[in-house]
Amino acid sequence: MSKEGTVAAQIAQLSKELEKHNHQYYILNSPSISDYEFDQLMKELEDLEAKHPDLALPYSPTKRVGGDLTKSFNTVNHDYPMLSLSNSYSKEEIVEFIERIQKQTEGSVTFVCELKYDGVAIGIKYRDGVFHQAVTRGDGQKGDDVSANVKTIRTVPMSLQGYNYPSEFEIRGEIILPKSKFESLNRAMKEAGESTYANPRNTASGTIKLQDSSIVAQRGLMCYLYGIYSPSIVANGHFESVKNAGKWGFNTPRSEDKMIAQCGTIDEIMEFIHYWDVHRHELDFEIDGIVIKVDDYELQDELGYTAKSPRWAIAYKFKAEQAVTELEEITFQVGRTGAITPVANLTPVQLAGTTVKRASLHNADIIEKLDVRIGDWVFVEKGGEIIPKIVGVDEGQRNPVSLPFQYIKHCPECSTELVRREGEAQHFCPNTTGCRPQIIGRIQHFISRRAMDIAGLGEETIVQLYDHKLIHSIPDLYQLKEVDLTNLERFGEKSISNLLTGISDSRDQPFEKVLFGLGIRHVGETVAKKLVKHFKTIDNLTNASLEELIEAPEIGNVIAESIQEYFQDKAYQEELNRLQEAGLQFEMVESEEAQSVSTTLEGKVLVVSGVFERVGRDELKALIEQHGGKNGSSISGKTDYLVAGDKMGPSKLAKAEKLGVEIIDESTFFEMISS
Ligand code: IVH
């Protein structure tokens, strides 16, 4: 071997050895060499790398001390959207969730309970067993590449142990700052006369975005991993996956520490919740609840996702901390749909590490129920929402001459008399086309990222354009001209051109985005997609009767009525006409529908199970549909074929055999669809 080759081999060997010791020390808590010996090995590697910088590996353990500076983080698209969990605050909601899933499934369901780490989400990609890239959650679709910072976290492996990991995969988890590190950091800040950090979560999230990775390295962040994403998953379920990840060197929760458990009954789940409700303060990091997930991947697939969160998981949030403070005033906000939200203005108070000045009071009923009065001392809680809420009044401290609060009768913005529809808790301002916050809010919603995603146009600009009387409704955007904008503050030639191009380009946005952007009450992203798929054109949708609307998948009475009400409104009809004239998309384009390739599998039900060589499971399922077949979720008498991959559970095979279902392998499947 050449000298170069020998040094390269030495560097690789030392890197691997150090990584192993790192794992034993930081993750397993059982080092097999002394700190001194570890430092010697590290020094040896550092020396070699200093002499042969071109041979240093990108995943070298010497990188853990940081040093890389990042001027601005690159934006990276997520391969899988980073969703959130639906939250629940009561055990009843958990029972409902479990029973709903049990009802939907024939056999028994296993759940996995784990901790809800209170930190910042991270997705880390590995290629051929080495760290590739770490990306923050961002807006869920795209995040920042914070690899240089994440590499400094000792509980994130640079190279993996074992061998049976997929060649490419992403692991998701939470970066957290241990309480002890947070406290010592704040002590140091105080000593240095600098302002202290509010709580470990905020500090972790600020730290991961620091430009100097050597500061990140000193903070002592850690990382717990909770999910693997890969086209070729090597496990049947979540629990097995987490265990595998632990074997590959990731910091995963251990059953021995009761940090993860498989539970088959509600009682077992409740026991897990109760245990951690009591013991959570013993951990050196903050958790804000428990996450309950369906274990089996196939069942997860079957349950699917809403636009925001998986249907196969739920978070149980612990009861929040409380503070007591004085209610100074109640003000009112008007939303884009005209909904009125009362807001409590409070004497500032510290709560769970942050200062609280305002709290939501939701609606008139809540105010009445709480009988909350100006000048009262109120209990404030942070229930996981960003805005804290008032949960009670200290009546012992009430001013005896205070009077019950009188809810407003007129819109605080446009003075129109408020209405309250039957069965609804909120008051509304009906002046949709003449009430400033409603108009601005509607246009802001229309241009927002999830709707028309108009580049060069932000919320502030909408306010500016409205206040300069340049726009008064959504279609006005498409009539803006350069001359209209030249006198606007903060607007140069470039920003004007960006704005006009952004607006013009938005004409190509698909119908579902336009429909969502219109801001029809109860028509969120998912509903908009369903409506487009079902009705295909705006004419079909506007002409649909209430019954026809309800017949569409997942459209209920409330949504259907709201859609009808919208399309019957003269002002909105005019808006729609103008948007159509402006050239926006009001029809589904064919490519939005799954392209049908053949009818080879027409009438056939196929169940896919295991791991495949040529394609991922989802891809295989898409192929089945493209060739006219149907995907079955579990093997039953109706199943025609079981497409069996590697690592398929023996029970599935046995069931298929018992029911006489034809079992085919991957290559047979491909032969079938190509014939
Ligand atoms: S699973 C599809 N498991 O909570 C969502 N999330 O609101 C899958 N989190 O963004 C997330 N601990 O940052 C999952 N054991 C855990 C978690 C966890 C904390 C965070 C995560 C996520 C947020 C969801």
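Note that this is a predicted model, so its numbers are computed, not measured. Order of appearance sets the numbers: ligands from 1, and atoms from 1 within every ligand.
- Residue-ligand proximity, Glu114 to ligand 1, at heavy-atom distances under 4.0 Å covers atoms 3 (N), 15 (N), 16 (C).
- Side chains of Ser147 and Asp145: a donor on one and an acceptor on the other come within 3.5 Å.
- Contacts between Tyr226 and ligand 1 below 4.0 angstrom, taking non-hydrogen atoms only, involve the side chain exclusively.
- Remark: of the listed residues Glu302, Glu625, Lys621, Glu625 is the sole one forming a side-chain hydrogen bond (donor to acceptor under 3.5 Å, both in side chains) with Asn631.
- With hydrogens and angles disregarded, no donor-acceptor distance shorter than 3.5 Å links the side chain of Ser213 to the backbone of Val216.
- Counting heavy atoms under 4.0 Å from ligand 1, residue Val291 touches it through the side chain alone.
- The closest protein non-hydrogen atom to atom 12 (N) of ligand 1 is Tyr117 N, 3.0 Å.
- For the pair Glu19 and Pro157, the tightest heavy-atom approach, listed with the atom from each and the gap, is OE2-CA, 3.2 Å.
- Remark: minimum distance from atom 5 (C) of ligand 1 to any protein heavy atom is reached at Leu83 O, 3.7 Å.
- Annotation: Glu174 places an N or O atom under 3.5 Å from an N or O atom of ligand 1; distance criterion only.
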### Query
Going through the distances and angles, do Arg280 and Asp277 end up as a salt bridge (charged side-chain N to carboxylate O under 4.0 Å, His left out)?
CA-CA 6 Å; Arg280 67 178 150 134; Asp277 208 355; 3.8 Å; yes

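- Residue Asn87 does not touch ligand 1, judged by heavy-atom distances below 4.0 Å.
- Annotation: the span from Tyr297 atom OH to Ser241 atom OG amounts to 3.0 Å, rounded to 0.5 Å.
- Polar contact with ligand 1: present for Arg137 (N/O pair, distance under 3.5 Å).
- Taking atom 1 (S) of ligand 1 as the reference point, the nearest protein heavy-atom neighbour is Lys293 NZ, 3.4 Å.
- Where the criterion is an N or O separation shorter than 3.5 Å, residue side chain and backbone included, Ser84 fails it with respect to ligand 1.
- Scanning all protein heavy atoms for the shortest distance to atom 4 (O) of ligand 1 gives Lys116 NZ, 3.2 Å.
- Near Pro310, meaning under 4.0 Å from one of its heavy atoms, ligand 1 places the atoms 2 (C).
- Nearest to atom 8 (C) of ligand 1 among the protein's heavy atoms is Leu85 CD2, 4.3 Å.
- Without hydrogens or angle criteria, Ser562 side chain to Val558 main chain gives no donor-acceptor distance under 3.5 Å.
- A salt bridge links Lys125 to Asp79: at least one charged side-chain nitrogen sits closer than 4.0 Å to a carboxylate oxygen.
- Comment: Asp139 engages Arg449 in a salt bridge, judged by a side-chain N to carboxylate O separation of less than 4.0 angstrom.
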